[in-house]
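Since the model is a prediction, treat every value here as computed from it, not as a measurement.
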Amino acid sequence: MFALLTLPLAQFSGVTTWVLAGSLVVFCLLLVVFFVFANYFGLWIQSVLTGSNIGFPSLIAMTFRKVNTRAIVRSKIMATQAGLNDPELTSGALEAHYLAGGNVQQVIRALIAAKKAKTISLTFREATAIDLAGRDVLESVQTSVYPKVIDCPPRGEAKPSLDAVAKDGIQLKVKARVTVRANLQQLIGGATEETIIARVGEGIVSAIGSAESHKAVLENPDIISKAVLAKKLDSQTAFEIVSIDIADIDVGANIGARLQADQAEADTAVARANAESKRALAVAEEQEMQALIEQSRAEVVEAEAAVPRAMAEAFRSGRLMILDYYKLQNVSADTEMRKALAGQGNESASINATG
């Protein structure tokens, strides 16, 4: 103490400055440690008390890796408290799933729901794969526990019913309800609800089309459900069909009679076309015969015009004499007279017959 008092004033001032600076640095470090401890103490104590075993270094490392520390810790606590003993479910795996863009808490809730159901087998790896595939894993588990009802056709569609025609030609309008349960093992890569609706609709149309009469379908609508269920329409889909129920069935139009009427009209149109073709052919033949008649008449006129020339040539050559010509004239006049007398006789006979 005496030595310090004997030191020069300048030296004493330098030592004081170093001491104050060191104290300030220590104070800042203690302050940083205090803030870090205060920030993570609540999460750390929760982790310790619940047996999640997430230490302070891990919590600080999560912050540097830009991971939501609170979400990871709470998810790990939920898993521990629920008794999930999957060896792959670690804090590192939860961080990796979070960094991959997954919903960590939703995955843990789905695993807890599956464990409570006791009938669903779902691992952490499967749950994270379903979540990263874009599906709601918790909703899928809930659908597996509590089946979901799908309307076929869906509500709001342009056609409110499925229309099919039985073998007797009567149309039936059907509305069905399909009860499905999520198939978690085929949820990744499995077909969605649209495929189920399309397959069920196709099966209903096929079942009605194979029925001998629409009355049989109306009497026993369950034959449709049995026929559709027998086809295993839920293969390669994300769902398992529990049941298919016919909610409503109505009688539509007589499609068979309409088709027969349309066929009759088509046959009539064909017959009319054939008749018109034959009539046109007959008219064409008639016109052709008229042309042949006119041609024959022209040939006759031409032949008659050649007679005077032939007679003149005969007079000049001496083969026909004047007496022979007069004889021909007399024969022709006698012939004309006989024709006239025969015509008058026929006319008088017809008058007497009518009188």
Side-chain angles (χ1 to χ4, degrees), residues 152-154 156-176 194-195 197-228 230-231 233 246-307 335 339-340 342-355:
C152 184
E157 289 290 320
K159 295 184 67 175
S161 62
L162 295 171
D163 300 341
V165 181
K167 288 185 179 180
D168 58 356
I170 304 300
Q171 182 187 49
L172 295 178
K173 299 177 178 292
V174 180
K175 294 181 181 178
E194 288 77 8
T195 303
I197 293 173
R199 290 183 180 180
V200 170
E202 180 184 355
I204 291 175
V205 172
S206 176
I208 295 176
S210 60
E212 294 294 334
S213 172
H214 73 286
K215 295 180 181 179
V217 179
L218 292 175
E219 291 174 358
N220 297 307
D222 59 338
I223 63 176
I224 300 176
S225 304
K226 292 178 181 178
V228 176
K231 294 183 178 180
L233 302 180
I246 304 301
D248 188 18
I249 181 168
D250 296 325
V251 179
N254 192 336
I255 303 298
R258 184 184 299 175
L259 292 176
Q260 290 177 359
D262 294 342
Q263 185 62 41
E265 291 181 2
D267 294 341
T268 302
V270 171
R272 288 176 180 174
N274 292 334
E276 184 65 22
S277 176
K278 291 180 180 180
R279 190 190 67 80
L281 182 61
V283 171
E285 291 179 353
E286 181 182 1
Q287 295 296 328
E288 185 177 356
M289 295 303 296
Q290 291 290 340
L292 292 175
I293 291 172
E294 293 297 330
Q295 182 180 0
S296 299
R297 287 177 179 175
E299 291 176 355
V300 170
V301 171
E302 185 179 1
E304 289 178 351
V307 171
T335 303
K339 288 181 178 180
Q344 291 178 359
N346 292 333
E347 184 177 357
S348 60
S350 62
I351 291 173
N352 292 331
T354 56

Could you give the side-chain donor-acceptor pairs of residues 156-164 under 3.5 Å, partners two or more places apart or in another chain?
unit_1 : atom_1 : unit_2 : atom_2 : d
S161   : OG     : D163   : OD1    : 3.1

Between side-chain atoms of residues 203-223 and protein atoms elsewhere (two or more places apart, or another chain), which donor-acceptor pairs fall under 3.5 Å?
unit_1 : atom_1 : unit_2 : atom_2 : d
S206   : OG     : K231   : NZ     : 3.3
S210   : OG     : S206   : O      : 3.2
S210   : OG     : A207   : O      : 2.9
E212   : OE2    : K167   : NZ     : 3.2
S213   : OG     : D168   : OD2    : 3.3
S213   : OG     : K215   : N      : 3.2
H214   : ND1    : D168   : OD2    : 2.7

Would you tabulate the side-chain donor-acceptor contacts of residues 250-266 under 3.5 Å, counting partners in other chains and residues two or more places apart, or write 'none'?
unit_1 : atom_1 : unit_2 : atom_2 : d
N254   : OD1    : G256   : N      : 3.4
N254   : OD1    : A257   : N      : 3.1
Q263   : NE2    : D267   : OD1    : 3.1

CA sep, side-chain torsions, deciding dist, call: E276, R279, salt bridge (charged side-chain N to carboxylate O under 4.0 Å, His left out): CA-CA 5 Å; E276 184 65 22; R279 190 190 67 80; 2.7 Å; yes
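Using a 4.5 Å cut-off on side-chain heavy atoms (C-beta onward), P153 and I197 make no contact.
E286 is linked by a salt bridge (Lys or Arg N to Asp or Glu O under 4.0 Å) to nothing, counting only residues two or more places apart in sequence or in another chain. Under the salt bridge (Lys or Arg N to Asp or Glu O under 4.0 Å) criterion, K278 pairs with no residue, sequence neighbours left out. Residues satisfying the salt bridge (Lys or Arg N to Asp or Glu O under 4.0 Å) criterion with R272, sequence neighbours excluded, are absent altogether.
Using a 4.0 Å cut-off between a side-chain N of Lys or Arg and a carboxylate O of Asp or Glu, R297 and E294 qualify as a salt bridge.
For the atom pair I246 CD1 and K175 NZ, the distance stands at 12.5 Å (nearest 0.5 Å).
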